[in-house]
Peer 1: 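Once you've had a glance at the structure underneath, I'll fire off some questions.
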Amino acid sequence: NLLLTLKEITAQVYYWSAMIGNVCSKCPQQSSIVVVGTHADCVADERKLEHLGSQIEQVARNAIEHHIFVQFTALNVTLYSARKLHNFMSLLYDIINDIRVKCPAISLNCHIMYAFLNDKVPKNQDAISLSQLLTLLSHEDPKFLPTEATEVSKLLKTLSEKGFIVFFDTN
């Protein structure tokens, strides 16, 4: 959403990149991510929109330097012909189809658990034990999330490996 602040846009891009990286960690090869800016029509000043575009490109370059992105290509679809848009849509279709075919069993449990932790654990609380989390899960009964200690531990370990949380396995 181009109406957000650059800081908010950056946070969203980094969050979703990490989440997609987590979900696609079992993919046999790298895939492309297409980030689409919305609400450009709501930005009245064309110069402000161009400036925001260059700032977002800088965010992407920083993400490449920090190994969050491998590559970035800016594309302003308002400047392209119908033929180039058709080619872009074909590329987008190929990307989506590639992910669907190669990773049919992608689980979003890590994303759901991370959202659950963000919602249910107080922001001022630095840590939560596995038993406290299991209690929270049993009271909330969230869909799609495991409630057995072994399965919850596996999910937390994956989140930790991807840098979302720090998880210390007592074993």
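Quick caveat: nothing in here was measured; it's all calculated off a predicted structure.
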Peer 1: From Thr10 OG1 over to Gln58 CD, what is the distance, rounded to the nearest 0.5 angstrom?
Peer 2: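 Reported to 0.5 Å precision, the distance equals 10.0 Å.
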Peer 1: Mind checking side chain to side chain donor-acceptor pair (under 3.5 Å) for Lys48 and listing every partner two or more places apart, or none if nothing turns up?
Peer 2: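 For Lys48 there are no side chain to side chain donor-acceptor pair (under 3.5 Å) partners, ignoring immediate neighbours.
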Peer 1: Do the non-hydrogen side-chain atoms of Leu6 and His51 ever get within less than 4.5 Å of each other?
Peer 2: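 Side chain of Leu6 against side chain of His51, heavy atoms only: no contact under 4.5 Å found.
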Peer 1: With rounding to the nearest 0.5 Å, note down the distance linking CD in Glu8 to CG in Asn1.
Peer 2: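 With rounding to 0.5 Å, CD (Glu8) is 9.0 Å from CG (Asn1).
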Peer 1: Nearest 0.5 Å please: distance from the CE atom of Met113 over to the CG atom of Leu133.
Peer 2: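 Spacing of CE (Met113) from CG (Leu133) equals 5.0 Å.
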Peer 1: For Ala149, check side-chain contact (heavy atoms from CB on, under 4.5 Å) against everything at least two apart and list the hits.
Peer 2: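 Applying side-chain contact (heavy atoms from CB on, under 4.5 Å) to Ala149 gives Leu130, Leu134.
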Peer 1: Please enumerate all residues that pass salt bridge (Lys or Arg N to Asp or Glu O under 4.0 Å) together with Asp119, with sequence neighbours excluded.
Peer 2: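 None.
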Peer 1: Between CG of Leu136 and CG of Leu145, what distance do you get to the nearest 0.5 Å?
Peer 2: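 The CG atom of Leu136 sits 11.5 Å away from the CG atom of Leu145.
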Peer 1: Output all residues satisfying side-chain contact (heavy atoms from CB on, under 4.5 Å) with Ser160, sequence neighbours left out; order by chain, then residue number.
Peer 2: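 side-chain contact (heavy atoms from CB on, under 4.5 Å) list for Ser160, sorted by chain: Ile165, Phe167.
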Peer 1: Does the side chain of Val59 come within less than 4.5 Å of Ile9's, by heavy atoms?
Peer 2: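 With C-beta onward as the side chain, the pair stays apart.
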Peer 1: Going by the rule ring pair (Phe, Tyr, Trp, His ring centres under 6.0 Å), which residues pair with Tyr114 if we only count those two or more places apart in sequence or in a different chain?
Peer 2: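 For Tyr114, the residues satisfying ring pair (Phe, Tyr, Trp, His ring centres under 6.0 Å) (neighbours in sequence not counted) are Tyr15, Phe164.
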Peer 1: Could you list the donor-acceptor pairs under 3.5 angstrom formed by side chains in residues 122-129, with sequence neighbours left out?
Peer 2:
unit_1 : atom_1 : unit_2 : atom_2 : d
Lys123 : NZ     : Asn118 : O      : 2.7
Gln125 : NE2    : Ala127 : O      : 2.8
Ser129 : OG     : Ser131 : OG     : 3.1
Ser129 : OG     : Gln132 : N      : 3.0
Ser129 : OG     : Gln132 : OE1    : 3.3

Peer 1: Drop me the distance from Phe116's CZ to Leu137's CG, to the nearest 0.5 angstrom.
Peer 2: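 With rounding to 0.5 Å, CZ (Phe116) is 4.5 Å from CG (Leu137).
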Peer 1: Please list, chain by chain and in numerical order, all residues satisfying side-chain contact (heavy atoms from CB on, under 4.5 Å) with Glu151, sequence neighbours excluded.
Peer 2: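 Glu151: side-chain contact (heavy atoms from CB on, under 4.5 Å) contacts with Pro146, Lys154.
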Peer 1: Under the salt bridge (Lys or Arg N to Asp or Glu O under 4.0 Å) test, which residues partner Lys157, sequence neighbours left out?
Peer 2: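 By the salt bridge (Lys or Arg N to Asp or Glu O under 4.0 Å) rule, Lys157 matches no residue at all.
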Peer 1: In chain order, what residues pass the side chain to side chain donor-acceptor pair (under 3.5 Å) check against Glu50, with sequence neighbours excluded?
Peer 2: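 Expected list: none.
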